[in-house]
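In what follows, chains are A, B, ... by sequence order, proteins preceding strands, each numbered from 1. The structure presented is a predicted model; accordingly, all values stated were derived computationally and were not measured. Computed from heavy atoms alone, side chains included, the values below leave out hydrogens, waters and symmetry copies.
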Amino acid sequence: MPELPEVETMVRGIRSTLEGARLVGLKPGDCHCKPILMQPLLQEMQERSRNQIIRQVTRRAKRIVLTLEDQSAFVIEPRMTGLMLVSDPPDEAHLRLEWMVSRQRRRQSVWFWDRRGLGTVRLLTPEEQLQTLGPARLGPDALEMTGDDWFSRLQAVRRPVKVALLDQKLVAGIGNLYASEILHRAGIHPGTSSETLSRAHVTRLHAATQEILLAAIEHEGSTLGDGTYRNVLNQDGSYQNQHRVYAKEGGACRTCSRGTILRIVQAQRSTFYCPHCQKPPRKSIRKVTPPSARKSSGD
DNA sequence: CCCCAGTCCTGCGGGC
DNA sequence: TGCCCGCAGGACTGGG
């Protein structure tokens, strides 16, 4: 599932192909499944972007931003199973959109591939970009948060810290996998109410976020057993080999070798942690639902 | 303010 | 062997 490190890996992988190149075509993939959300519809998207030079390829939280010369931008949200590819898709059946570019007479393509189709592609005006990517909807990027940012933002809400880490308005870019890994590295129990975290806790959380996310980028992200996430060459990332808690329920903790990894459910999401490395501060635990109490419907 | 459930979607795997 | 259904969760919405 693409979170900040996976999206950063995609951006780095497509940058050399797209940045400075001229967009000569925008083609739907020949996938017969239900179409992904595109805004505006394909034809208008083609008309508005045709023959423009792609000036910048950047990342905003978990979104990919292709800025064109008229300052409009493609904003791509991979969500659960979306991938940007420069070659060799996992299958042809889930190709959704192709950007055909040209530079110095050389033609290349970048594809958006998405098995489940929860991803979105939008072409936004500068004003729309501000609405969609601005501070009203997205907090500071997780890698750009300062210690003071972390402290004031966690003080401002009263929620389990794991749930707070998933709130993209509070901090942008962290998803379910890295939230568990970050809290484990910081030695903070996921149920700790955010406003009770001490300065020392927040310092550890800040450092752990930097360390985990930067290491995950170095390893080109995490490819889980379901094989969903891959880099732009359709190759596995390798950060999954460094995971300490995510999806490791019942296993021995690799850090302390004393605890057994537990799974709990918070805000309808799985959280994994080591009860030995991540001791709950007294009286500050908020709403932790044991797995047995999980509702079986919905999700 | 915060929480919960429901929505979108597809592939996979457990259970019968 | 085959079918049903739960589960995975990012972003969002509506109700309590």
Checklist line | Any side-chain donor near an acceptor of the partner, A:T209 and A:H206, under 3.5 Å | finding: no
Note to self: Using whole Å, what does the distance between atom C1' of nucleotide C:dA11 and atom CZ of A:R60 come to?
What the structure shows: 15 Å
Margin query: Below the 4.0 Å mark, does C:dG9 have OP1 or OP2 next to a side-chain nitrogen or oxygen of A:Q268?
Written below: no
Next item on the list: Mind checking salt bridge (Lys or Arg N to Asp or Glu O under 4.0 Å) for A:E8 and listing every partner two or more places apart, or none if nothing turns up?
Entry: A:R12, A:R59
Note to self: Please check: side-chain N/O of A:T67 versus main-chain N/O of A:R55, any donor-acceptor pairing under 3.5 Å?
What the structure shows: no
Check: Is any side-chain N or O of A:H94 closer than 4.0 Å to OP1 or OP2 of B:dC9?
Finding: no
Next item on the list: Only pairs at least two apart or in different chains count here, so list each ring-ring contact (aromatic ring centres under 6.0 Å, His included) that has a residue in residues 66-87 of chain A.
Entry: A:F74-A:W99
Notebook entry, point to check: Do A:R269 and C:dG10 share a donor-acceptor pair, side chain to base, under 3.5 Å?
Noted result: yes
Note to self: Looking at A:M80, is its backbone amide N or carbonyl O close enough to the side chain of A:R115 to form a donor-acceptor pair, meaning the two atoms are under 3.5 Å apart?
What the structure shows: no
Checklist line | Whole-Å distance separating the CG atom of A:L154 from the P atom of B:dC2 | finding: 12 Å
Notebook entry, point to check: If you look at every strand shown and take non-hydrogen atoms under 4.0 Å, does A:Y178 touch a base, only sugar-phosphate, or nothing?
Noted result: nothing
Check: Once you round it to whole Å, what is the distance between C1' of C:dA8 and CZ of A:R115?
Finding: 10 Å
Checklist line | Residue met sooner reading DNA chain C from 5', once A:R122 and A:R116 are mapped to nucleotides | finding: A:R116
Check: Given atom CZ of A:R79 and atom P of C:dG9, what is their separation to the nearest angstrom?
Finding: 16 Å
Notebook entry, point to check: For DNA chain C, whose closest nucleotide is more 5', that of A:T132 or that of A:Y246?
Noted result: A:Y246
Notebook entry, point to check: Which listed nucleotide (C:dT13, C:dA11, C:dG10) is nearest to the side chain of A:L118?
Noted result: C:dG10
Notebook entry, point to check: At under 4.0 Å, does any side-chain N or O of A:T81 touch on OP1 or OP2 of B:dT10?
Noted result: no
Check: Any donor-acceptor pair under 3.5 Å linking the side chain of A:R122 with the backbone of A:E128?
Finding: no
Next item on the list: Take atom NZ of A:K62 and atom P of C:dA11, then tell me their distance rounded to the nearest Å.
Entry: 4 Å
Check: With a non-hydrogen cut-off below 4.0 angstrom, is A:V163 in contact with a base, only sugar-phosphate, or nothing?
Finding: nothing
Checklist line | Minimum-distance nucleotide (side-chain atoms of A:R137 versus C:dC12, B:dC3, C:dA8) | finding: C:dC12
Notebook entry, point to check: Of the nucleotides B:dC8, C:dG10, C:dA8, which one has an atom closest to the side chain of A:E3?
Noted result: C:dG10
Check: Counting N and O atoms only, with roles assigned by atom type, does the side chain of A:Q52 sit under 3.5 Å from a partner on the main chain of A:L23, one being a donor and the other an acceptor?
Finding: no
Check: Atom OH of A:Y229 to atom P of B:dT10: distance rounded to whole Å?
Finding: 23 Å
Next item on the list: Look at A:R96 and B:dC9 and indicate whether a side-chain polar atom (N or O) is within less than 4.0 Å of OP1 or OP2.
Entry: no
Check: Between C:dC12, C:dA11, B:dC2, which one does the side chain of A:E77 approach most closely?
Finding: C:dA11
Notebook entry, point to check: the helix from B:dC2-C:dG16 to B:dC16-C:dG2: angle between its terminal axes, five pairs each, to 10°?
Noted result: 60°
Checklist line | A:Q43 and A:E47: side chain donor to acceptor below 3.5 Å | finding: yes
Margin query: Whole angstroms only, please: what is the CG-C1' distance between A:D167 and B:dC1?
Written below: 12 Å
Notebook entry, point to check: In terms of side-chain heavy atoms of A:R159, which of C:dA8, C:dA11, B:dC3 is nearest?
Noted result: B:dC3
Next item on the list: Using whole Å, report how far CG of A:L170 lies from P of C:dG10.
Entry: 16 Å
